[in-house]
Amino acid sequence: MDASQVRNVGRMLDSLDERDYASKGTKRPEHRAGASYQPEPDDDLSDEWDKRISSIVKKEFEDDDNSDVAGSSSGGAGDSFSNPDAWIQDNTQKRKISAGQEQEKRQRSDAFAQRIDNMKESDFKQAYMANVHGNQMRDASGLSALKRDQMGLVRKEAVDEKLYEDMMQQQNCPKYQKMLEARKKLPSYKMRDEIVDAVRDNQVVVISGETGCGKTTQVAQFLLEDAVADGQGSTCSIVCTQPRRISAISVAQRVADERGENLGKSVGYQIRLEATHPRPEGSILFCTTGIVLQWLQSDPLLSKVSHLVLDEIHERDMLSDFIIAIAKDLIKVRSDLKVILMSATLNAELFSEYFGGCPMLHIPGFTFPVKEFYLEDVIEMTRFKFEDEREVPIWVRKSNKHKDNEFEGMIAPYVRNLERSGKYSCHTLDELYKSTSEKLNLDLVLELLRSINRKEPGAVLVFLPGWADISKLHSLIQGDRSFSRSSHLVIPLHSLMPSVNQREVFNRPPPGVRKIVLATNIAETSITIDDIVYVINAGRIKMKNYDKEANLVTLLPEWVTLANARQRRGRAGRVQEGVCYHLYSRAREQLLDDYPLPEIQRTRLEEIILHVKILRLGSAKPFLAKLMMPPDPNVVDKSLEMLQAINALDESENLTPLGFHLARLPVDPLTGRMLLMAAIFSCVGPILTIASALSFKDPFSVPLGKERIVDEIKKKMSRGTKSDHLMLVNVYDGWEDAWRHREAREYCWDNFLSSAVLEQLRNMRRQFMGLLYEHKFVNSKDPQAAEANRNSDNIALVRAIITSGLYPNVARVLPQRGRPNPHKPRSIRTQYERRVSLHPKSVNEKEREYESPWLMYREKIKSSKVYIHDSSMVPNYPLLFFGRKLNYVDGVINVDDFVRVRCSRHVAHLVQSLRTQLDELLEYKISHPGVTRWNKSSKEGALLHTIVDLISSEKISSSQDNYDYYDDGDD
DNA sequence: GAGCACTGC
């Protein structure tokens, strides 16, 4: 802050308590719902808030000369100079003085009541109170406390008749008849009566079956046809969930075809931002699991659903597991609701047991037989020779010690057995005795591909762990003369490559050409290639995991599970008999786990906890403990702590008003907070883009071999901002611009962008803006609305809003030691990791000069190193205004014991005063949603103007002086 | 110097 800024801020702060409002002391009109709402001037500042601000400002300026701003002399630095996060502090203080638990409980509910009392009457207050009270009741008395306030499924005889006649007519139509012939060939069709009877006689049924049995397309149809034939069509409304958007659409289309209809009659689908709804009665809706989760917010009993079919639940994704637990409670209240759980055969019992041993039906699958070979067979076949163990450096051998034990204990004895059997050659046995035979070896894959080359025609699918291996194997094949371009079509397949959206991978190649697909586990479930005959299972899979000890997300290759191996094998037998090569021995197979850990045990739980809260399912821990395979309670605690730290939950685990907003936004809590702040600070445009890209995916699509070029494009698009997030804003704005000039296609092509992703981002921006409008933070649904964008061109402010969203994900670029070296990456650390690296895809990875040492990031993942995947350089003020707890000691402002900024006591004092008031204002705005008014004569306007002016005036280069002194660099 | 895969009224 320079001298004139200090004067201005001081004047502004002084004026806050001198200002008198015409409306002061008079009762103000209440907020009204609906689009016509126009806020009265100063409507958002209650008398009480007014008084509070005044007293704080007054007190601090009176005490200016004799108070210790640093607060360090009293030892309670945090108390006198801290973020007045009123709720947390209220509760903590009350906790300190309360003696018994009962008293504490009363105190807490007093604090809660106080908080509610302080809120002005509004639609928001009503909705908020209803939620929190509902949750507290649910805690005590369970779901049955919910009253069924509307009957969703009322029988209408006229409709029943009409549906019946329609069906009769439909069944006589030749198109339907023809499709029926095909349906009758499916294994599931032969079990039609059993399925219908089981569902009729039981509330919950598990149906298991392998791919090709037709359960996904048939079961819902059987149930619908039975209901209509029975004259009950009007009360039959079937919802069938799918884990993926694409399968929801394609299954719906397929079923409509089978019925000789277009989508929108008896069959429809709904996914995020896209739907073709079927008629309301006598119908089937295919939707993603997330859609049902969102319905539950407004209709906790799913009162308009007669049959809930949960498909593909063996995949154990988090949302399926969560909805299964909700369904288990739901059936107690909805005795008329039928739940059908559909899974692969392997773990069907688990689901049945969870529902008290409900009946299970098994549908045999229909696939062609697949012959399986293991590593020993592949070596025998190819005469492949592994690297000698002696060639492996000693330190690598040592670091693999425990693996060696597994090898010595299980693999070696197995090979000795093989030796006795005499089935394999000495060469093979020698190779198997090498522990290097257990490493992923791309030369072996290449050798195997060569030998497949000599076999009958048929496409090959190779399962590899990730991008690097796909890339290496691709190069090996291209450089090998036995794979001529004219007779081989090699297609890499990875979610970040453009090939996933191209037809080529599905097409049958011309005669004489062999298709070889190099894929990740994307080809296990998401992408199905029909003409595969040979599968190579390299045996490894990358999975995201949460390491709770290190509090780190990891992405590391692991052995596949038997379930993965089975699924991979199945990919070979879709059109004819197939062959599957597993690149591990039969002994290793014995050591593989049966299934992957369910997703809920591998991730942090912040979002799912907010779902528990918004769905009024009571306390997080007891509810999550009811899941089929509950998450680790310590991880629940960690996630609860995080939600309390960002002030989304209070000490009693109630949603705060902020938490209530965050839980209703379809994004993770940090992104949600960024959106709310963007609305309050009127810079929605860029933040809508950033939030969309963070919660969906970045729009770049990188062909193999073009990595460098794409890196350069990103760097250029970042225009020197040193921010991946602002780079995305430029990319998106450039696309919108190109769109207006009808050049979007060229723009995407030239810049390696996916237009499908950009279109989804555009829709998500609209959706987010719509939600901010519904929640009354902006007064237009249009992402371009002038009022909500008055500060969108202020890059410094946008950086601050990024900070407010992503905090506490902040890293520090350490000062360089000695002479600057442009080739050496700068050392970076976070509060808890001494050393992290910028991911090479980040525009900052090659950056050596940082005008400010602070980088905000969204994702930090441990793979080969601990990588920060995305980053934005931000200056000091955003951290002072949007960090958590401030503290001033010895000429340094300290934010949460990590961020430190040198400044004079006087400036520190001003910052603290501003910060105190900003927090009060934000708390008020969050609990009294309304459009920000920037009129400087309003208190809100005066304060926000001052803060925005300060943030935008900070010369980013000057902050260099503020951190060079701070030399705890430990690189 | 590197990115398993999904999803949201």
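To find a chain, count down the sequence lines: A is the first, B the second, and so on, and within it residues start at 1.
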Working for ring pair (Phe, Tyr, Trp, His ring centres under 6.0 Å), residues Y584(A) and H582(A): CA-CA 6 Å; Y584(A) 44 80; H582(A) 303 288; 5.4 Å; yes
Side-chain N,O (Q270(A)) to OP1/OP2 (dC9(B)) below 4.0 Å: no
Candidate nucleotides dA5(B), dG8(B), dG3(B), ranked by approach to the side chain of H611(A) - the nearest: dG8(B)
E274(A) CD to dG8(B) P, straight-line distance once rounded to whole Å: 10 Å
Protein-nucleotide distance (K697(A), atom NZ; dA5(B), atom P), rounded to Å: 9 Å
Presence of R708(A) side-chain N/O under 4.0 Å of dG1(B) phosphate oxygens OP1/OP2: no
T288(A) side-chain N/O to dG8(B) phosphate OP1/OP2 under 4.0 Å: yes
Residue-phosphate contact under 4.0 Å: T520(A) side-chain N/O, dA5(B) OP1/OP2: yes
Ring pair (Phe, Tyr, Trp, His ring centres under 6.0 Å) between H661(A) and F124(A), worked out: CA-CA 10 Å; H661(A) 289 299; F124(A) 175 79; 4.6 Å; yes
Whole-Å gap separating C1' (dA5(B)) and CZ (R602(A)): 9 Å
From dG1(B), dC9(B), dA5(B), nucleotide with atom closest to Q297(A) side chain: dC9(B)
Separation of atom CG in L694(A) from atom C1' in dT7(B), rounded to whole Å: 15 Å
Nearest listed nucleotide, side chain of D711(A), among dC4(B), dA2(B), dG8(B): dA2(B)
salt_bridge(E833(A), K862(A)) N-O dist < 4.0 Å: no
Proximal nucleotide (of dC4(B), dG1(B), dC9(B)) relative to the R272(A) side chain: dC9(B)
Value in whole Å for how far the P atom of dC9(B) lies from CD1 of I614(A): 14 Å
Side chains of S871(A) and R858(A), donor plus acceptor under 3.5 Å: no
Nearest to side-chain heavy atoms of H494(A), which nucleotide of dC9(B), dA5(B), dG1(B): dA5(B)
Touch class at under 4.0 angstrom, heavy-atom based, for V667(A) against every strand present: base
Selection from dA2(B), dG3(B), dA5(B) that lies nearest to any side-chain heavy atom of W467(A): dG3(B)
Pairwise 5' ranking along DNA chain B for P666(A) and E845(A), keeping only the more 5' one: E845(A)
Candidates dG1(B), dG8(B), dG3(B) - which lies nearest the side chain of L496(A): dG3(B)
Between P of dC9(B) and OH of Y269(A), the distance in whole Å: 14 Å
Integer-rounded Å distance: dT7(B) C1' and L273(A) CG: 12 Å
Working for side-chain hydrogen bond (donor to acceptor under 3.5 Å, both in side chains), residues R602(A) and Y546(A): CA-CA 5 Å; R602(A) 293 188 287 114; Y546(A) 175 63; over 6 Å; no
Given dA5(B), dA2(B), dG8(B), the nucleotide with the shortest approach to the side chain of P840(A): dA2(B)
Touch class at under 4.0 angstrom, heavy-atom based, for I861(A) against every strand present: nothing
Phosphate OP1/OP2 of dG3(B): any Y867(A) side-chain N/O under 4.0 Å: no
Check against salt bridge (charged side-chain N to carboxylate O under 4.0 Å, His left out), E845(A) and K714(A): CA-CA 11 Å; E845(A) 199 265 339; K714(A) 284 184 181 171; over 6 Å; no
Touch class at under 4.0 angstrom, heavy-atom based, for E599(A) against every strand present: base
Residue-phosphate contact under 4.0 Å: S495(A) side-chain N/O, dA5(B) OP1/OP2: yes
Closest listed nucleotide, where the reference is the side chain of K841(A) and the choices are dG1(B), dC9(B), dG3(B): dG3(B)
Sugar-phosphate, base or nothing in reach of L555(A), heavy atoms under 4.0 Å: base
No-H, no-angle donor-acceptor pair, E607(A) side chain to dG8(B) base, under 3.5 Å: yes
Phosphate OP1/OP2 of dA2(B) contacted by H839(A) side-chain N/O (<4.0 Å): no
Touch class at under 4.0 angstrom, heavy-atom based, for L771(A) against every strand present: nothing
Sugar-phosphate, base or nothing in reach of N521(A), heavy atoms under 4.0 Å: base
Side-chain H-bond candidate by donor/acceptor type, R334(A) with S303(A), under 3.5 Å: no
Sugar-phosphate only, base, or nothing, as touched by R245(A) at under 4.0 Å among non-hydrogen atoms: sugar-phosphate
Out of dG3(B), dA2(B), dT7(B), whichever nucleotide has its closest atom nearest the side chain of S863(A): dG3(B)
Name of the residue among I868(A), V836(A), N844(A) meeting side chain to side chain contact (heavy atoms under 4.5 Å, CB included) with L855(A): N844(A)
For atom CH2 of W295(A) and atom C1' of dC9(B), their distance in whole Å: 9 Å
